[in-house]
Amino acid sequence: MQCQPIEPFVVPLDSDARSLEEAGCWLGGAVYGQRAVAGRQLAQRIGERAAAACAVVDIVPLAAAHGFAELWRVAGEGPVTQGRHGPNGEITWSADASLLFAHLTLDEQSFGDGRHCALEATAHAAYQGLFDLLEHSGFIHPIRFWNYLPRINVDEDGLERYRHFNVGRHAAFVEARRPPDASPPAACALGCSGTALTVMVLAGRVAPTAVENPRQVSAYRYPQQYGPCPPTFSRAALYRSGTSALLTISGTASIVGHETLHIGDVAAQVDEALRNIEAVVEAANHAAGQSLFSVDGLKMKAYVRNAADTEAVRRQLKLRLPATPVPLVRADICRANLLFEIEAADSAMLRTSA
Ligand code: 3EB
């Protein structure tokens with residue numbers, strides 16, 4: 001099967017529809033910054049003119065005054081087809097020959113009884129719906145999930161909401177006969193505003209290779225001190241199809257083993273997270289059997305818990321990665337003591353032995 005290269009691109013919110021079309025073939029992605037009216041408008045333009053599936057994440061961008069979109073561009077002419085899935089058409093998807101991108105936003109208020117935390121049920125339903133789409137579309141292998149959940153660090157019914165989310169996600173994996181501890185896809189999980197959970201997925205027709213970080217305990221083996229169900233993700237996923245490869249690195253923070261390091265020191269957390277990124281890139285190149293990726297070349301995006309830390313984070317990133325622009329958004333991170341999280345992706349051509 002012939003696979004086309006895919007890359008994430010950051011697009012400023014004031015891009016016009018024509019420049020989007022000229023830029024190539026967009027599969028989908030997300031606008032970060034719902035509050036800006038421009039965000040909704042861009043998502044609509046991208047959806048209509050470029051046939052891409054574009055989510056809107058209610059989050060505060062620190063990168064550009066009006067926010068930005070992160071879009072996944074596929075090479076070639078397409079065709080990119082688009083559709084809806086689910087009983088109420090709540091899932092929007094878009095696909096080319098080898099990759100599918102889908103997203104849905106579920107309002108937690110339509111789940112549960114209004115008195116108890118409904119995030120577990122909402123996460124369960126979101127993953128059920130997306131897994132159903134993957135099975136029906138033939139893109140059965142998730143490569144990467146993005147999760148944005150409101151009030152992520154708030155305790156409800158005696159458990160932090162992120163941990164409720166983990167219970168619902170875990171149950172959906174088990175139910176879909178996708179063992180949570182057998183090479184799960186890459187992922188991230190961040191806070192957002194509002195009352196709705198947004199989940200996005202990139203999926204393929206062939207299984208990606210899961211990549212772990214030798215410096216960290218696999219997240220799906222975290223001990224119970226982090227909640228009744230561990231989070232379901234691998235540190236990175238390496239997707240190879242035809243002559244191209246895509247590496248997508250999960251949300252990466254200042255965690256070594258399973259413990260948070262440098263509590264209260266944002267600059268040191270940035271450094272530690274980047275050491276983890278380096279270790280994951282090395283592990284990915286090892287898994288590929290060739291040196292495909294380098295830290296300098298990665299497309300990155302990062303989350304900062306406290307807006308007041310923005311300049312310190314920028315300074316530290318500039319010091320470590322002088323040539324890599326890293327758009328920032330303000331977001332709560334899934335452990336109250338984490339101040340920073342970074343994610344990355346890149347594509348490469350595989351060297352095939354003649
Ligand atoms: C960590 O390493 C930090 O729950 O999907 C990173 C990436 C984190 C993904 C998820 C959580 C998730 O545990 C948090």
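Position 1 is the first residue of the sequence; numbering continues from there. Whatever order the structure lists them in is the order used to number ligands and atoms, beginning at 1.
- Between Glu343 and Lys299 there is no salt bridge, since no side-chain N of the basic residue sits under 4.0 Å from a carboxylate O of the acidic one.
- Aromatic ring centres of Tyr32 and Tyr148 lie closer together than 6.0 Å.
- At least one heavy atom of Cys188 sits less than 4.0 Å from an atom of ligand 1.
- Between Tyr162 and ligand 1, an N or O atom pair is found at a separation short of 3.5 Å.
- Every N/O-N/O distance between Arg335 and ligand 1 stays at or above 3.5 Å.
- By the 30° and 60° cut-offs, the orientation of the rings of His136 relative to His85 is tilted.
- Closest to atom 14 (C) of ligand 1, if we only count protein heavy atoms, is Cys334 SG, 2.9 Å.
- Distance from atom 6 (C) of ligand 1 to its nearest protein heavy atom, with residue and atom name: Gly251 O, 3.2 Å.
- When only interatomic distances are considered, the shortest N/O to N/O separation between Arg235 and ligand 1 falls below 3.5 Å.
- The closest approach between a heavy atom of Arg169 and any atom of ligand 1 is below 4.0 Å.
- Electrostatic pairing of Glu311 and Arg314 counts as a salt bridge here, judged by a charged N lying under 4.0 Å from a carboxylate O.
- Contacts between Glu341 and ligand 1 below 4.0 angstrom, taking non-hydrogen atoms only, involve the side chain exclusively.
- Among all protein heavy atoms, the one lying closest to atom 13 (O) of ligand 1 is Tyr222 OH, 2.7 Å.
- A salt bridge between Glu108 and Arg151 is absent, with no side-chain N of the basic residue lying under 4.0 Å from a carboxylate O of the acidic one.
- Between Glu278 and Arg215 no salt bridge is recorded (no basic side-chain N to carboxylate O distance below 4.0 Å).
- Atom CD of Glu282 is surrounded by 12 or fewer heavy atoms from other residues, nucleotides or ligands within 6.0 Å.
- Using a 4.0 Å cutoff on heavy atoms, His258 does not count as a contact of ligand 1.
- Backbone and side-chain nitrogen or oxygen atoms of Thr252 are examined, and none is located within less than 3.5 angstrom of a nitrogen or oxygen of ligand 1.
- You'll find the side chain of Ile333 stays beyond 4.5 Å of the side chain of Ile152, heavy atoms only.
- Among all non-hydrogen protein atoms, the one lying nearest atom 3 (C) of ligand 1 is Ile255 CD1, 3.8 Å.
- Scanning all protein heavy atoms for the shortest distance to atom 12 (C) of ligand 1 gives Phe233 CE2, 3.2 Å.
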